[in-house]
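What follows is a short report on a single structure.
The figures that follow rest on heavy atoms only: side chains count, while hydrogens, waters and symmetry mates do not. It should be emphasised that the depicted structure is a prediction, and the values quoted were computed from it without experimental measurement.
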Amino acid sequence: MLLTISTTHSPATDLGYLLVKHPDRVQSFATTGGTAHVFYPHADTERCTVALLLEIDPVELARPAKGRHSSALGRYVNDRPYVASSLLSVALGKVFRSALNGTSRDRAELAGTAIPLEIEVPAVPCRGGSEIVERLFAPLGWQVSTTTEPLDPQFPEWGDSPYTRLRLTGTVRLAEALNHLYVLLPVLDDAKHYWVDADEVDKLLRAGSGWLGAHPDRELIARRYLAGRHSLTQSALERLRAADDQLEPETTEDPVELVEATERRTPLVKLRRDAVLAALAEIGATRVLDLGCGPGTLLLALHADQRFTEIVGADVSSGALAIAERRLKFHRMPDRQRARITLVQSALTYHDDRLRGFDAAVLMEVIEHVDESRLPALERAVFGHAAPGAVIVTTPNVEYNVHYETLDGHRHDDHRFEWTRAQFADWAARVADTFGYTVDIRPVGEHDSRTGSPTQLALFRKAA
């Protein structure tokens, strides 16, 4: 079985430092069921490709069967030597251990950087067809390409084979890419070829750290990865929920703005909320999404305005949604008012059909909490898949930060970036052009002739 990983990051041969495998040498490692060979079919400064070839030992394979092929004949006649499976995941974990952990002695900064990657696996067993591949990998920011070959070209009436050629492209940290493969290859196969016990739960949660908890198919992933063992699956899901509930909900109020609230008659947080509500009124929206709603700051204002007949608050944190539910006083709300608002757990970088077909979506102080490398996935999910009639985005204007004397760095510890007015305008124009919207940029808050306003707002409208 074969897997290749390519990059065009310059210099591309830095891939060797990240994997701790020299491009000029072939290296071999004993692993479960056989031998793993690592070599580089192509390596120069512009493009570098590493190959992991797992050579299965048929004698080892025929030892007392474990996993799906448990019949006597299945020990000798099966597809394990030829297709990607849990055995390839085991080899990944052994051969690229430091890269999976996201560490690099020689290129520490690069290990934490998203780089362009292209991954190919010639033969992947897909229990559920190519659709399951898209469901598993697309929410993680990958562009997915699959090709299914006929079972036998000489006999087309036999139909397609159960195997798929998989190609993934995206700009992702290498460690994230390897962990996605480590978990999802056996999930696609829906089989484990070794004994599954409680240790596998720890392996799943370790490799799924940072992405599995928010994946829309996390239950499917856990069930298949843990070979359908109900007790282990429930344990994994409960630990994921517990970890999520311990997360502090993201606040839409920056520490700087809390100071402003005591110093100004109209705090910025209120000016921003009023600007969003005014934009919604301008476009005549009645069915509204609050994406990244957090503990419900905007939801309270939306629900108080009867013009909004359907409101959905979406956030990745179940803890934040629980706080929003308490602030909205769901338990006291009349049924008619309760029917106007729904809270859903959803990550904004994933395609979620529940978020389609609305008049408008609001991302109020949300995008700056997302890694810039993940913004393209958010754009595709919100503007491409959900595709509301309008999108309202607000974000800090970093040029205005000079007015905050005590501020050192970003306005909030969790901000991954803060943009200038020109950067925000460039991003908004590109997104509008890509997804068929027009866009209008507006200042929010006290205006300074040199630095502009503290908040910048973009109103996207679907082009006719």
Side-chain angles (χ1 to χ4, degrees), residues 1-63 79-125 165-170 172-186 188-189 192-194 199 203 206-207:
M1 59 187 77
L2 178 68
L3 177 148
T4 63
I5 303 172
S6 303
T7 185
T8 53
H9 171 81
S10 183
T13 47
D14 276 356
L15 183 63
Y17 287 103
L18 295 180
L19 295 171
V20 199
K21 301 292 179 289
H22 199 289
D24 291 340
R25 293 199 297 269
V26 176
Q27 299 181 60
S28 300
F29 306 85
T31 185
T32 301
T35 304
H37 307 281
V38 179
F39 57 97
Y40 289 76
H42 184 91
D44 59 35
T45 57
E46 294 184 357
R47 183 179 177 85
C48 186
T49 299
V50 64
L52 173 62
L53 177 66
L54 181 57
E55 186 178 17
I56 293 296
D57 180 350
V59 175
E60 178 68 20
L61 196 67
R63 296 188 187 280
D79 58 9
R80 280 181 278 175
Y82 314 108
V83 301
S85 68
S86 60
L87 297 176
L88 185 57
S89 286
V90 172
L92 276 171
K94 180 167 186 177
V95 174
F96 298 142
R97 183 177 301 276
S98 61
L100 270 161
N101 292 333
T103 59
S104 173
R105 184 184 63 185
D106 299 304
R107 296 291 187 274
E109 183 176 351
L110 183 60
T113 303
I115 61 175
L117 294 173
E118 179 183 308
I119 297 171
E120 292 197 51
V121 190
V124 181
R165 184 181 188 91
L166 172 63
R167 182 173 180 268
L168 305 172
T169 55
V172 183
R173 289 176 53 237
L174 179 63
E176 292 177 346
L178 293 174
N179 279 289
H180 295 165
L181 292 168
Y182 181 85
V183 172
L184 297 181
L185 285 177
L188 288 172
D189 189 17
K192 279 294 185 74
H193 301 110
Y194 53 85
D199 289 342
K203 293 178 185 178
R206 185 167 55 246

Requested in this report: For R165, check salt bridge (Lys or Arg N to Asp or Glu O under 4.0 Å) against everything at least two apart and list the hits.
Outcome: E120
Query raised in the report: Residues in salt bridge (Lys or Arg N to Asp or Glu O under 4.0 Å) with E118, at least two apart?
Result: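 Partners of E118 by the salt bridge (Lys or Arg N to Asp or Glu O under 4.0 Å) criterion, ordered by chain and then number, come out as R47, R167.
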**Report entry** Partner residues of H37 under the side-chain hydrogen bond (donor to acceptor under 3.5 Å, both in side chains) criterion, sequence neighbours left out
**Finding:** S28, E55
Requested in this report: Return the set of residues passing side-chain hydrogen bond (donor to acceptor under 3.5 Å, both in side chains) with H42 (not counting sequence neighbours), or none when no residue passes.
Outcome: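 If we apply the side-chain hydrogen bond (donor to acceptor under 3.5 Å, both in side chains) test to H42, skipping adjacent residues, the hits are D44.
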Query raised in the report: Donor-acceptor pair, T7 side chain versus P116 backbone, under 3.5 Å?
Result: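 Checked: pair present.
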Just verifying a value: how many Å separate [X] [atom1] and [Y] [atom2], rounded to the nearest 0.5 Å?
X	Y	atom1	atom2	result
L174	I119	CG	CD1	8.0 Å
L2	L52	CG	CG	8.0 Å
T13	L18	OG1	CG	10.5 Å
L15	H9	CG	NE2	10.0 Å
T8	I115	OG1	CD1	8.5 Å
F29	T35	CZ	OG1	11.0 Å

Query raised in the report: Taking all non-hydrogen atoms of both residues, which atom of S89 and which atom of P186 are closest, and how far apart?
Result: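 Shortest heavy-atom contact: OG-CD, 3.1 Å.
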Query raised in the report: Any idea which heavy atoms bring Y40 and H22 closest together, and the distance?
Result: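 Looking at all heavy atoms of both residues, the shortest contact is CE1-O, 3.6 Å.
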Requested in this report: Could you give me the CA-CA distance, side-chain angles and deciding distance for V121 and M1, then say whether side-chain contact (heavy atoms from CB on, under 4.5 Å) is met?
Outcome: CA-CA 8 Å; V121 190; M1 59 187 77; over 6 Å; no
Side-chain atoms of residues 92-103: list all donor-acceptor pairs with protein atoms under 3.5 Å, sequence neighbours left out, distances to 0.1 Å.
unit_1: K94; atom_1: NZ; unit_2: A30; atom_2: O; d: 2.5
unit_1: N101; atom_1: ND2; unit_2: R97; atom_2: O; d: 3.3
unit_1: T103; atom_1: OG1; unit_2: S98; atom_2: O; d: 3.2

Query raised in the report: More than 12 foreign heavy atoms under 6.0 Å from OH of Y17: is that the case here?
Result: no
Query - Note, L88 side chain near L181 side chain (heavy atom, < 4.5 Å) - result: no
Report task. Would you list the pairs meeting salt bridge (Lys or Arg N to Asp or Glu O under 4.0 Å) in which at least one residue belongs to residues 1-23, sequence neighbours left out? Result ->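 Listed once each, the pairs are D14-R107.
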